[in-house]
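Everything on this sheet refers to the single structure shown next.
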Amino acid sequence: MAEYVAPAVVKIVADQAKEYASPYFGYFFSYGKIVEDFTNQREALKSRKQRVDTQVDEAKRQTEIIYDDVDNWLTSAEEELKETQNLKDEIDRVKCFKWCPKWGWRYSLSKKLAEKIPIISKLLETSNFAQVGYRRPLQGIEFITSTGFMDSESSKSTFNQIMEAINAKGVNMIGLHGMPGVGKTTLAKEVGKHAREQKFFDKVVMFTMSQNPDINKIQEGKAEELFRSMQRVNKILVIVDDLWEEFKMESIGIPFGDEHEGCKILLITRRQQVCTKMNCKEIQLGILSEDEAWVLFRDKARLEDDCSTLNDVAKEVAAQCKGLPLAIVVVANALKGESLKGWRDANQRFKDSTHLYDEEVLGGVLEPLKLSYDYLKKGINQMTGNHIQMCFLLCSLFPEDEEILIEILIMCGIGVGLFPNFSSIEDKRKKIVEALKKLQKSGLLLETDGADTIRIHDVIRDFAHWLTSTGENRFMVKDTLEKWPHMEESYTAIALWNCSSIIKKFPDKVEFSKLKTLFLEGGRKRNRDFLVVFGTFFEEMKALQVLLLQCVSFPLKGFPSLPNLKTLWCHNCMLKNFSSSLTNMKSLEILALIDTEIDEISEELVKLSALQYIRLNLLRRIPKYFNYSPTHDEGIFNYSPTHNEGIISPPSLDLGLSGVEFEEEMNIPPNLVSRLTSLQELHVITKNNLNLLELKSLSRLTALSLRLSTNQIPLEDFVLPKLQRYAIVVGENYGINREAFIRTLDIQDFSSSLSAFNNLFCNVEELNLRNVGGQKNIVPSIDEMGLNELTSLQLKSCNDMEFLIDTKNDQGSTVAFSNLVELNIESMASLKGLCYGLSPTRFLQNLREVIINGCEELQVIFQIDKPLMLSNLTELSLHSLPKLKRIWEVKPSHRAIASLQSLKVVRIEYCDNLKTIFSPCLALSMLHLQELDIRYCDRLEQVIGFGEEDEIIENHFWTKLKTLRIVDCQLLKYVFATLSQGFPLLESLCLKNCPQLLQVFSSTEERDVIGDHILLNVPFLKNLKVSNCPQISCFIVQAQLIEKLVLRNVGNSHQLCNTGVPILNEGCIVVGNHEEVFQVQGRYSFSSIEKLELMNLLEVRVIWNDFAQVVTLENLTTLTLRDCKKLGYIFSPMMARSLSHLGNLFILGCEEIKRLILAKDQVSSSSSNGDTSLQPMSFPNLTQIVVTDCKNLSSLFPFGFVPVLPKLERLIVERNSKLEQVFELEEKVEVVAEEEMKFDKLKRLSLEELPGLIHFCPKGYHSVFPAMIDLKVRDCPKLTTGFFIDSQEFVHCKTKVPQLVEQDAVEESTTVRNAIFNENIDWSQGGGESQLPHIT
C-alpha cells in the first residue's frame, strides 16, 4: 500500500495549495493544464503562420504588395516560435517523470509557459487578415500626371502593361514602340516617375540615344553615372529614349540580367524591329480615341465650353489630327487664340489639303515623320532605300481610312519598276512585302486584322502628300471629286476617288507627259455609277505605267496606245472592244480583270509578249430578263430579278476571290494559255473551260489559282517544275474560291484517280478532301513521300479511307506528316485510326490542333511510340466517336517519351465507350492545360486513370487550368485522384449530372486539407456550378471573386458533413451536404456574386454564416432557392439593404423558411451592422418574385415609407399554407389614415392556395396597380383584401380596417361593399373568367 501513499499526500497538498496558497502555487498544481494550453496554442500559431506564409507567397506571385501589419505579424510569429522551441523541447525531455516530478524545474517551466500563452494568444487573435496584400496600382490607376501627359485609355492600357512587365519575374528588358508623335517619351517619363514614387526601384535613370548616338560621349557621361548608381542600389530602372537601332547595353556601362538582376531596362523606339532584335518584351502605344483627342485638343487650344459655334469648327479641325497626340498638340497650339474666322480658314485649309504646304501648322509633326522617312535608307543601298520609300508613297494614293490590299500594292509596285534587279514576280513580291514590313515596324504603316491588307494613318498619309507636293515625285490625291480640278502637267501620280456622276465624263484629252501612275474610280453612291472615260483621255499619257480602274466605263473605241503601261487592274468596269485594245499595250506585264464586263478573251492576248501575270474573275453579260442590280458584299456583286434598294454599299478594291450568284462560264480559246510563254502567275477563279494540260507549256509559271470541274481533270500527271504557290479547287458545287497565298488543294466529289496531282502532293501545304473515294489511306496511296510540307489536312466523308498512313510494309525509313499543324476529320465512316503499324519518323511532331467528329469505327486515335510525337499539340476536340476506347495508346516502354507538354485545350463529347481520358504519365506532362471540357461520355469512370501496375503515380500539376467542365458522365467516379499545387488560375468550374462522382479533388498537401475536406483556393474563380452530383465528397472553396454559383443536389447521398469544417479566417463556400453554404469574413466577402442558385440541398440551414451581419451583395441580380428543406431565412436586414441590383427572386419548396429577411429582434446583439433602421428597406431593381410551397412562411417583405418594389413586374405567391400577409410594415406602427402603396410596373399577380392569407398589404394600406394585365386569386378563404378597378382601368386592392374615423368609414364602406372578397378571381385586361367591379 505504501506505493500509493505519496500520490495521496501530493493530492491533499495540491488541493489545499489551490485553495489557500498564493497564485504562484498555481504554477505547481496547474502544470498539466498549462502545458496542454501552451502546446495547443503553439501548434495553432505554427499552423496559422504556415497559412499566412502560403497566402503571402501567392500574393507575391501575383505581384501584390504585402501589408506592413502582415509582415510585422509574420516576424513576431517567427520569433515567438523560435523562442518557444526550447520550451517545447524541455517538455518533451521530461515527459517520463510521473509521480515524483522535479518541483523546482516544474515551477520554473510552468511559469515560463504561462507567460508565453497570452503572447501567443494575442498573435492568434491578430492573425485574421482579410487580405495579406494589395495589387500594385495597375488597372484603374490614378495617374501622377505631368506636363504633356495624356491620361487616355490607350496610355492607361500601355502604362499598365509596362508596369506589369516591370514587376514580372524573368523580364529584364521592355521595348515601347509606336508611331512618331504618339507620346512614347511622355509616357516613359510617367512610368519612371510612378516607379520612383511607388518605390518599385531604388533609382530611376533616363537618357536619350538619338538617331546617331555618340557612344563615346555617352560612355564618358552617362556610363560613369550609371556605374556609380548601380554600385549603390539593388534595384534600378534605366529608360533609354529615342533608340533607332540595336546596340549592346554593356557598351554604355549598363549591366543587367545575370550581371545585375535588379536592373530593368525600358527602351523607347519608333521601330518595332529594334525591340525584336534586342529580345524585348514588346509593348505598343496606340492613338487616342475620338473623345480623348477632343479633350486634349480643347485643353491645348484653351477653348471655352460656352463658345459652341467656334467649338463646332474646332472639333472638325481636331478630327483631322486623327488621334495622334503630337499632331493634336501642334495644331491646337498653332490655332490657340484665333478668331472664329481664323478657325474656319484653318478648317477649310485642312479640307483643301493646303495645310500640307504650311510647315508652320504641321511642322512639329513633319519633323519627326520626315526623320523616320529618311531613316528608311539607312544601312541599305540607295536604290533599295528609294524603293522602300516609293512603297510608302504608293500607299498614300489610296482612299483615306481604307485598308489596302497588299496584292494590289505589289502589282502597282512592279508596274512602277520597283526592285528591277529581280526578274521574277515572286522575288519582287518578297522584296515589296519586306519593304511593307519595314514600313510597319518604322511606324509609317499600320497593321490590320487581316494578313493580306495594311493601312496608313491619316496624318501619316497627309505627311506623304506633303512629301509629294514638290520635287521629282509629285502626287495629287482626291478622295472625292465633283468637278474637274486644276492639274499641273508635272504630276507623276494621280488618284481620283469617288468621282461623282455630276462629272458626266472626263475631258476628252489631258496632257500629263510625266504621269506614271493613275487611279480612277467612279461614284460610290448609286448602283452602276460608272465614270465614262473616252480613250482619247489617255492619249497624252505615254509614260503611264500603272492604271487602276474601278467603276469605269469605256465607249466603243476602247483603250488608246499606252506603250509603257505595265500594270492594268480593272474592278467592276465595263470595257467594250477590250480585246482589240490589247495591241495598244505591248509592254503590259500585269493584267487583272475582276467582276468586269468585256467582249471576250481573244487571241489578241498572245500578242502581249511581256505578259507575266493574269488574274481573271469575269462577269459576262447578264441575261436581259434580269434587272442589273449589283450590291457589294466583300467584293461579291449579286444579281437579282428585282431591285428595290436605294443606296447600296460602295464597292472597294477587291481581288475578286469570290464568285457571283449568276455566273457564266468564262470561255478561253483552246491553246491560248499554252502560248503565253512569259506567264509567271495565272489566277483564274471563276468557271472556265481551261485545259489543264496546256499549263505544261508554261515553263516559268510560279503561282497558279484555278477553279476546275471534275471533268477538267486529266488522267495523266501534269508537271509544273517552277510552281511555288498554287490554289486549285476541284468540284462542281464548291463555293470556296481560293487565292494562291500558300500551296492548296481542294478536291470534292471525286472518285477517279488523283494521279494528275502527283507532282503537287509532294509539296502541298493545305489539303482538303471531301467525298473523295477509292483511297484507303493518304500515305502511300495518294503520296508515297509522306506529305512532309503539309500543314493543314481536312477530310470529310471520304468513306473508303481507313488510316492516314499505312506503315505495315514500310522498313521504318518513312518520314510522314512531320509539319502537319491542323488536322480536321469529319464523318469518315471507315476510319479506324491515324496510323496502321509503327509511327513513321517525326510523325505529328508539329501537330497543334486536332478536330475529329463523327467517325463511327474509330477506336484508338494516337499511338505514341516516337519521341516528340504530339509534343506541340495545343488543342484537341473529339465529338461523336461511339466506339472510341482510348485516345492515347502508350506502351510501358514508351512512357518516358510520351509528352503532352503543350496541350492547352481538351474538348470531348459523345464518346460513349471511353473510360479514361489521360494516363498518369501523360497527365504529369500537361503543365500548360487551360481548358478541360468533357460532356456526354456515358462510360467514363476517370479523367486520369489509376495507371498500370508498374506505372509510378505522381502528383499532377495543372496550375494553369482556367476552365473545368464535366457534364452528363453517368459512371464518372474520380476527376483528380492526386493533384498538387491546386488551381491558382481557375476561373470556371462546372460539374453537372454525374450521379456516381465521388471525388473531384484530392491532395497530399497539408495546406489543402481541412479536417476530412479538401480546401480549394481559387482566387480567380468566377463561375462555380455543381449540379446533380449526389455522391460527391464535400470540399471547401475559397473564391472571393465568385460571380455565379449554382449548387443543385450536391452530396445528398452522404451523411451530414458538418464535422471538420471549422470557421476559417477567409470567406469560403462549402460544396456538399452541409448546414451552411457561405462562411463570410469581412464586409466585402463575395460582393462580386451576381447569380446564386441553390437547389435540393437537404441539410442547408444557413446560406450566409455571417457572424457580424455585415456582408453586402450589391451585385447580386438573380437568387434561386429550391427544395432547401431546412433553410430558416435568407437575408439579414443589413444584407437586404445592399441588394440594389437584385432583379429576380425565386423561392420554391423551402419548407422551414419563416421569413425571407430576419426581423431586427432576431439579429445578434453582437452584430456590427449598426442601426438598420437608418435606411428603409427597398429593392429598386427587383422585377420578378416567385414564392411557392414554403409552408412555414408567414410574410414576404417588410417595407418602410418609400416604394419598396418600384420595378416589380411579376409576383407569384402560391401554396404557402402559413402565409398571413404578403407585405408587412417594417416598424409596428398604428395606421391612423389610409396610406397608398403603388406598384407602377406590376403586370401579373397570382395568389393561389394560401389558406392562411389575411392581408395582401398591411391594414390601412391601399394598393394601386396601374400596369396590371393579369390577376389570379384562388383558394384564399381568409383574405380580407378586396380588388376593384377605377375609372382609369387601374386595379386596386384594399384591406378592411376594423376601426376608422367616421368620415373614412363612410368612404371605406362604399369601396368595401363593391370590392371582391373571399372569391376566386381570374381576371385579365383583355377579358377572363371573372370581372372586377368598377368603382369611381
Side-chain angles (χ1 to χ4, degrees), residues 390-400 402-418 425 432 452-454 456 461 464 468 473 475-481 491-499 506 510 512 515-524 529-533 535 537-538 541 543-554 558-560 562 564-575 578 581-582 584-585 587-598 611-618 632 635 650-657 683:
M390 179 54 70
C391 283
F392 168 68
L393 297 179
L394 284 174
C395 293
S396 72
L397 291 173
F398 289 86
E400 186 177 19
E402 185 169 296
E403 293 186 1
I404 306 167
L405 280 163
I406 292 175
E407 183 71 2
I408 293 180
L409 267 179
I410 291 170
M411 295 308 129
C412 292
I414 292 174
V416 297
L418 297 184
I425 290 179
I432 293 174
D452 58 342
T453 59
I454 50 94
I456 184 170
R461 180 173 176 264
T468 56
N473 292 311
F475 289 9
M476 184 183 74
V477 182
K478 296 290 183 181
D479 287 340
T480 57
L481 188 65
Y491 286 123
T492 59
I494 295 175
L496 305 177
W497 300 102
N498 193 21
C499 298
F506 270 21
V510 290
F512 292 115
L515 189 65
K516 296 181 179 180
T517 303
L518 176 62
F519 293 176
L520 287 179
E521 181 194 46
R524 295 187 172 191
D529 190 7
F530 284 124
L531 176 68
V532 179
V533 179
F537 175 77
F538 301 98
M541 301 180 187
L544 194 63
Q545 296 176 323
V546 175
L547 180 57
L548 189 152
L549 304 174
Q550 180 160 312
C551 293
V552 173
S553 174
F554 281 86
F559 287 96
L562 296 172
N564 290 300
L565 188 66
K566 293 185 177 181
T567 296
L568 175 61
W569 193 287
C570 301
H571 179 229
N572 191 32
C573 293
M574 185 179 293
L575 308 179
F578 172 75
S581 302
L582 292 175
N584 297 323
M585 308 177 199
S587 299
L588 194 66
E589 298 177 3
I590 313 293
L591 174 61
L593 303 174
I594 300 163
D595 292 338
T596 293
E597 293 186 61
I598 64 172
L611 194 61
Q612 300 175 18
Y613 177 105
I614 296 179
R615 178 179 296 280
L616 301 176
N617 185 18
L618 302 182
H632 185 258
S652 63
L653 290 173
D654 191 282
L655 291 180
L657 306 186
H683 306 283

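Everything numeric here is computed off the predicted structure, so don't read it as measured data.
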Please find the pair of heavy atoms, one from [X] and one from [Y], that lie closest to each other, and give the distance.
X: Cys573; Y: Phe530; value: CA-CE2, 4.1 Å
X: Met541; Y: Leu518; value: SD-CD2, 4.0 Å
X: Met390; Y: Val416; value: CG-CG2, 4.5 Å
X: Cys412; Y: Val546; value: O-CG2, 3.5 Å
X: Cys391; Y: Ile432; value: SG-CG2, 4.1 Å
X: Cys395; Y: Ile454; value: SG-CD1, 3.8 Å

[atom1]/[X] to [atom2]/[Y] distance, rounded to the nearest 0.5 angstrom?
X: Ile598; Y: Leu582; atom1: CD1; atom2: CG; result: 8.0 Å
X: Leu568; Y: Leu562; atom1: CG; atom2: CG; result: 8.5 Å
X: Ile590; Y: Gln545; atom1: CD1; atom2: CD; result: 12.5 Å
X: Ile408; Y: Leu394; atom1: CD1; atom2: CG; result: 12.0 Å
X: Leu393; Y: Arg461; atom1: CG; atom2: CZ; result: 12.5 Å
X: Ser553; Y: Asn572; atom1: OG; atom2: CG; result: 10.5 Å

Any side-chain heavy atom of [X] within less than 4.5 Å of one from [Y]?
X: Arg615; Y: Glu407; answer: yes
X: Gln612; Y: Ile414; answer: no
X: Leu496; Y: Met476; answer: yes
X: Thr492; Y: Phe475; answer: yes
X: Asn617; Y: His683; answer: no
X: Glu521; Y: Asn498; answer: yes
X: His571; Y: Asp595; answer: yes
X: Leu549; Y: Val533; answer: no

Results of ring-ring contact (aromatic ring centres under 6.0 Å, His included) for Phe519 - residues two or more places apart only: Phe398, Trp497

With side chain to side chain contact (heavy atoms under 4.5 Å, CB included) as the test, would you mind laying out the steps for Phe538 and Leu547 before giving the verdict? CA-CA 10 Å; Phe538 301 98; Leu547 180 57; 3.9 Å; yes

Under the side chain to side chain contact (heavy atoms under 4.5 Å, CB included) criterion, do Phe512 and Leu544 qualify, and how do the steps go? CA-CA 9 Å; Phe512 292 115; Leu544 194 63; over 6 Å; no

